[in-house]
Amino acid sequence: MSIAMEAVQKAQHLIKQAQNIVITNHTGPDADAMGAALGLQLFLQHLGKAVQVVVPNVYAELLNFLPGSEEVLVYEENLEAARVLSNADLIFHLDYNALGRSGPMEKALRHHPAKRILIDHHQQPERWPEVLYSDTGMSSTCEMIYHFAEAMHWLPVLNAQIATCLYVGIMTDTGNFRFSSTSPTTHRVVASLLEVGAVPHEIASAVYDSNSRDRLKLLSQALENMQVFEKEHTVLIPLSQKELTRFNFKKGDTEGFVNYGLSIKDIVLSIFCTENEDKIKLSFRSKGNFDVNQFARDHFEGGGHKNAAGGVSYLSLEQTLEKVKKLLPEIVERQKKTN
Ligand code: 5GP
Ligand code: MN
């Protein structure tokens, strides 16, 4: 669904009326979620609006190079965030489409009287906001913020700062312009971002050349742990809490590990499992028609996109790995059906 004229008019009205705008994104905010929130914040500030980004929990430190990140309020860590959120009269929901994905903010958001605008590219949106701009064909929420800004006639204020925020989300959510969601339009949007001053090599370097030695050792451990099921075209990569602790795990350290599984020839499904204190977090990546959004929904209380999704398990790590292995015949069946 591209953005409808009626939605644009409604959004224009809601933004005009709003006194206190809060921009939110999903739990474990990634580069797309942060870039979209900070890019939108800059657009709204140019309009003279009072706006605050409130995120559910901590995000990767490397994203602190993004303009405006120093003012972000982290709900889980800062009591001020709850006060700011409760005063909002307009809330943006970016890069998520189900209130459950807002983690610790869910309750406060569920009962909030503010008007809502949702901008997101995940599958199967909940339909409660006043304005719903949902497009599962989009590369990233950052690309959608660009299209939203165009529809709102905001592009004359697009500058290098905003372009940097939006570029980072498009770059990371397309796997550096590799995934099938990368369209001619994506590249046209990116061209416009470069024209106003986004610098690709600087942004790529800020995101990808910020490894600690510990993170590389953790990657080495993950690759060591990797199990390849050749017949089933599936890879399983577990990491235990003990291993995470041994290599001083910090938020964002395991970002992208799941993709290594897919880089093996003929693998169509990669599953990455990390043991947290109270649950196992799973990441799924696939190639072609294998729908990991549906697979995650069916078996791991999750969701996401057709080729990139996540979920949770409340079993132990060992039991979760057993559960995945028991699902291998079903995985093969799903592959047969989609080919
Ligand atoms: P990741 O594996 O990088 O955590 O997430 C992959 C994609 O799936 C992202 O777009 C993310 O927003 C989504 N996702 C991750 N975990 C969950 C989950 O537990 N539930 C749902 N609905 N989506 C998720
Ligand atoms: Mn995204």
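For ligands, and for the atoms within them, numbers begin at 1 and follow the listed sequence.
Near Lys281, with a cut-off below 4.0 Å to any heavy atom, the atoms of ligand 1 are 4 (O), 15 (C), 16 (N). Within the listing of ligand 1, atoms 10 (O) sit less than 4.0 angstrom from a heavy atom of His305.
Side-chain N/O atoms of Asp120 and His122 include a donor and acceptor closer than 3.5 Å. Donor-acceptor pairing under 3.5 Å is recorded for the side chains of Thr186 and Glu143. Looking at Arg297 and Asn293, their side chains do bring a donor and an acceptor atom within 3.5 Å of each other.
Of the candidates His121, Glu301, Arg101, Arg101 brings a heavy atom nearest to atom 21 (C) of ligand 1. Checking Gly303, Ser283, Ser140, Gly103 against atom 13 (C) of ligand 1, the nearest heavy atom belongs to Gly303.
With contacts defined as side-chain heavy-atom distances shorter than 4.5 Å, the pair His187/Pro184 does not qualify. Between Ile271 and Leu282 the shortest side-chain heavy-atom distance falls below 4.5 Å.
The Mn ion (ligand 2) forms the vertex of an angle spanning NE2 of His121 and OD1 of Asp95; to the nearest 10 degrees it equals 90°.
Remark: minimum distance from atom 15 (C) of ligand 1 to any protein heavy atom is reached at Gly310 CA, 3.4 Å. In this structure, the protein non-hydrogen atom closest to atom 3 (O) of ligand 1 is Arg285 NH2, 2.9 Å. For atom 19 (O) of ligand 1, the closest heavy atom belonging to the protein is Gly311 CA, 3.7 Å. Ranking the protein heavy atoms by distance from atom 9 (C) of ligand 1 puts His122 NE2, 3.7 Å first. Given atom 7 (C) of ligand 1, the protein heavy atom at minimum distance is Ala308 O, 3.6 Å.
For the pair Pro29 and Tyr59, the tightest heavy-atom approach, listed with the atom from each and the gap, is O-CB, 3.5 Å. Looking at every heavy atom in both residues, Leu218 comes nearest to Glu243 through CD1-O, 3.8 Å.
Residue contacts with ligand 1: Val312 is placed with no nitrogen or oxygen under 3.5 Å of a nitrogen or oxygen of the ligand (distance criterion only).
With a cut-off of 2.8 Å, the Mn ion (ligand 2) has an N, O or S atom of Asp173 in range. Taking backbone and side-chain atoms together, Cys142 has no N/O/S atom less than 2.8 Å away from the Mn ion (ligand 2).
With Ile119 as reference, Ile145 is the one residue of Asp135, Ile145, Ile23 to meet the side-chain contact (heavy atoms from CB on, under 4.5 Å) rule.
When distances from the Mn ion (ligand 2) to the N, O or S atoms of Asp32 are compared, OD2 comes out shortest.
Both Phe65 and Ile162 are members of a single hydrophobic cluster when ILVMFWY side chains are connected at heavy-atom separations under 4.5 Å.
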